[in-house]
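Each remark here refers to the structure printed beneath this line.
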2 protein chains.
Amino acid sequence: MAGRKVNTMEELAEVSGISRPTLSKYFNDPDSVRESTRAKIKIALAKYDYRPNIFAINQNRKLTKTIGIVVPYSADPFFAEIVRMIERRCIDAGFWPLVFSSHGQQELENNALATLQSLRPAGALIAPLGRNSDFESVQSFTQEVPTIVFDSNVNVGEAFVGSDNFQSIGLMVNYLCRTGEPPCFFEMEPVNPNANKRRDAYVKTMQSLGHEPMILQVARSGWDFESIGLIEGNRLIKEGKLPSQTVLCSNDRLAVGLIAAAYQNGIKVGYGEGRTLRIAGHDDHPQSQFTCPPLTTVAQDYSSIAEHSVELLFGMINGDSKPADRPDVLFEGKLIMRESA
Amino acid sequence: MAGRKVNTMEELAEVSGISRPTLSKYFNDPDSVRESTRAKIKIALAKYDYRPNIFAINQNRKLTKTIGIVVPYSADPFFAEIVRMIERRCIDAGFWPLVFSSHGQQELENNALATLQSLRPAGALIAPLGRNSDFESVQSFTQEVPTIVFDSNVNVGEAFVGSDNFQSIGLMVNYLCRTGEPPCFFEMEPVNPNANKRRDAYVKTMQSLGHEPMILQVARSGWDFESIGLIEGNRLIKEGKLPSQTVLCSNDRLAVGLIAAAYQNGIKVGYGEGRTLRIAGHDDHPQSQFTCPPLTTVAQDYSSIAEHSVELLFGMINGDSKPADRPDVLFEGKLIMRESA
DNA sequence: CACAAAACTTTACCCCTGTAAAATTTGTTT
DNA sequence: AAACAAATTTTACAGGGGTAAAGTTTTGTG
């Protein structure tokens, strides 16, 4: 760290004896310069610890190294987990992931999209709010930025990657019917297309098995799923309104709340003798293995969803593959048998 | 949206009849131009929907409108929640929060810090990894960027904002001792200074109450706290190694795992007759109210921590108040009595 | 050793906005 | 209406680096 401070590439050129354009090449791709040159640059770099100015770089480049990630709720375990995986892959590929959370609010989603857009990202991976999304904003964003939509399939972007809710819900309904009383379906007002698909899948599967569908939709919205599960679960239990002693919840967080409600009413949850209420979820959130009893659920294929989303996006960015005709890439869920059902 | 596309301020000047420097003034502060001028600009803006190029702006401005937020683990409920609050406040103040998660890894923390630094943020709010932090990296970052440290007090930055672990742990130990058997303390290898402070606080409080401290430190590290709680809890229970039937866990996530372990071993957790094991946590994570039984814990003052951190930072940014001598701002925890202890 | 290809240097211009200084216009005050 | 202050326009340069074109040096091959 001797000598003067080096703040610009110009200055680095002076102290390193390498021309600025060559340095520029080096920073864009170190392998594009001769090895001897690279060595010299590295020595200078070690000595003066210079870093190119991001803003100056991005001002001139058509495409930046930024990848935007927008999720409806970063505190939701599903998104927390999938964001983690996506970030990792972006970093490994030399990109800069920037994560934005809409916290369930349309205003914030628009805000995030606008901020992101002015950052001129190379691409974006977004999980829209769904029903609460401002469709036009999202669409206008996707027209400017190569975008992969994941989790919640609103009809924008170049491709969709998510779970096959028909398969996964079908799997669970089948399992529940084979092992006991056919399930009722517990859901809130749908916040996104997944919720609707899951309900439809439940109905269809029940019918195909010759059972009457029983849907419990509680009139609450928002992202406090556990709380809704607890409060409404409490009410349903107290009022004796559960149409079946087997309950399939629209997602794990709702199930967590319902399990808590059952506990608080002295009802034993689980599969096996002495247990009177079976509760199943959907998603296999990271903490679903720690509920009491551990939650039987369907695991979304987190890593496939993350991997495939990122791969598709990189393909588009490199231009070597444009997904034809906005494909829907769906991954199957896996039945996770634990003790709750 | 008629006519040509307007991509630069120059072009907007042409179509609006306002000079570029005046437009520049307008975008920096709309109130700094005459009302009639503002009106004209707004009309042009509505018609052409232009947005200034962020990179060009930031290249010349000494201070940007970006605020960096770095947390060790964005999927952790505590950080998810506090980040949400901090983001909200930044947005309301006209700043752009950018969130980075280190995912528990030093390499990623350094990475995030470096990325952030090259973004020339107006300021940063960071919760360092703690023990895993590369102290020099963090320190060199804080020398360039006005930084408030929160949650995990490593000795860098302009101020620290967090919880008073001595108070909060003292509170809980007192409560537990008054209502039953004195607690043992369940922890992992400390990941940050908080963990150490909590253990020390436990020891001191126990001693001051005339009890012998009983510490259970399990030799595991990482951020899968629930999993550690479950696995090690299972082991301790099976081997009969719990020195007390009251366990104070270093944090809620560990408690969640321990509750699951107890459940799986058929042990009834809670306060009251028929319950044989009391478990308490610390932090009051959002989901701690949904455990079975609901978790007795100490609530960190999330909103005060978020608010105060942000206020301090804005004060520094505006230059109207420099925190003297790196103050530690500590907030008290509140006892949350639920059923687990 | 010759020669072409690859890598490098020099030179020059571009990106889009901030901002200072001087000249001009607009609006307000007496 | 004159006088003055405030706002705006014009002009000009700065910021840090991308990138093209032309010329020079290095490298690798025959």
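Proteins get letters first, then strands, A, B, ... in listed order; numbering begins at 1 in each.
- No hydrogens or angles were tested; on distance alone, a donor-acceptor pair under 3.5 Å links the side chain of B/N60 to the base of C/dT17.
- In this structure, the CZ atom of B/F27 is 9 Å from the P atom of C/dT17, given to the nearest Å.
- The pair B/R84-B/E81 counts as a salt bridge, with a side-chain nitrogen and a carboxylate oxygen less than 4.0 angstrom apart.
- By the neighbour-count criterion of 12 heavy atoms within 6.0 Å, atom CD of A/Q143 is densely surrounded, having more than that number from other residues, nucleotides or ligands.
- At the heavy-atom level, B/S36 lies nowhere under 4.0 Å from the strands shown.
- What separates CD of B/E14 from P of D/dT9 is a distance of 14 Å, to the nearest Å.
- Which of C/dG18, D/dT9, C/dT9 sits closest to the side chain of B/S24 comes down to C/dG18.
- When each of B/G17 and B/R120 is assigned the nucleotide of DNA chain D with its nearest heavy atom, B/G17 is the one assigned upstream, toward the 5' end.
- Using a 4.0 Å heavy-atom criterion, one finds that B/Y50 contacts the sugar-phosphate atoms exclusively.
- Distance, A/N53 CG to D/dG15 C1': 8 Å, rounded to whole Å.
- In this entry the distance linking CG of A/L12 with P of C/dT9 reads 12 Å, nearest Å.
- Set against C/dC8, C/dC15, C/dT17, the side chain of B/E10 has C/dT17 as its closest nucleotide.
- B/K25 places its NZ atom 16 Å from the P atom of D/dT10, with the value rounded to the nearest Å.
- Checking C/dC16, C/dG18, D/dG17 against the side-chain heavy atoms of B/A56 singles out C/dC16 as nearest.
- For B/S36 (side chain) and B/R34 (main-chain N/O), no donor-acceptor pair under 3.5 Å exists by modelled atom type.
- Within the 4.0 angstrom heavy-atom criterion, base atoms lie near B/P21.
- As judged by a 4.0 angstrom heavy-atom cut-off over every strand, B/N28 is placed among residues touching the sugar-phosphate backbone only.
- Across the protein-nucleic acid pair, A/D29 atom CG and C/dA7 atom P stand 11 Å apart, rounded to whole Å.
- Residue contacts shown for B/L23 are absent, as no nucleic acid heavy atom lies under 4.0 Å away.
- Atom CD of A/E35 and atom P of D/dT26 are 17 Å apart (whole Å).
- At a threshold of 4.0 angstrom between heavy atoms, the contacts of A/T8 are confined to the sugar-phosphate backbone, with no base atom among them.
- The residue from B/S101, B/S137, B/S102 that alone fulfils the side-chain contact (heavy atoms from CB on, under 4.5 Å) condition with B/E109 is B/S102.
- The main-chain N or O of B/R20 is never found under 3.5 Å from a side-chain atom of B/S24 such that the two would form a donor-acceptor pair.
- Look at A/T22 and you'll find a side-chain N or O under 4.0 angstrom from OP1 or OP2 of C/dT9.
- At whole-Å resolution of the value, CE in A/M9 and P in C/dT9 are 13 Å apart.
- The side chain of A/S19 sits closest to C/dT9 out of C/dT9, C/dC15, D/dA7.
- Contact of A/R20 with D/dG16 (side chain to base): no donor-acceptor pair of N or O atoms is detected under 3.5 Å.
- Ring-centre distance between B/Y73 and B/F78: not below the 6.0 Å cut-off.
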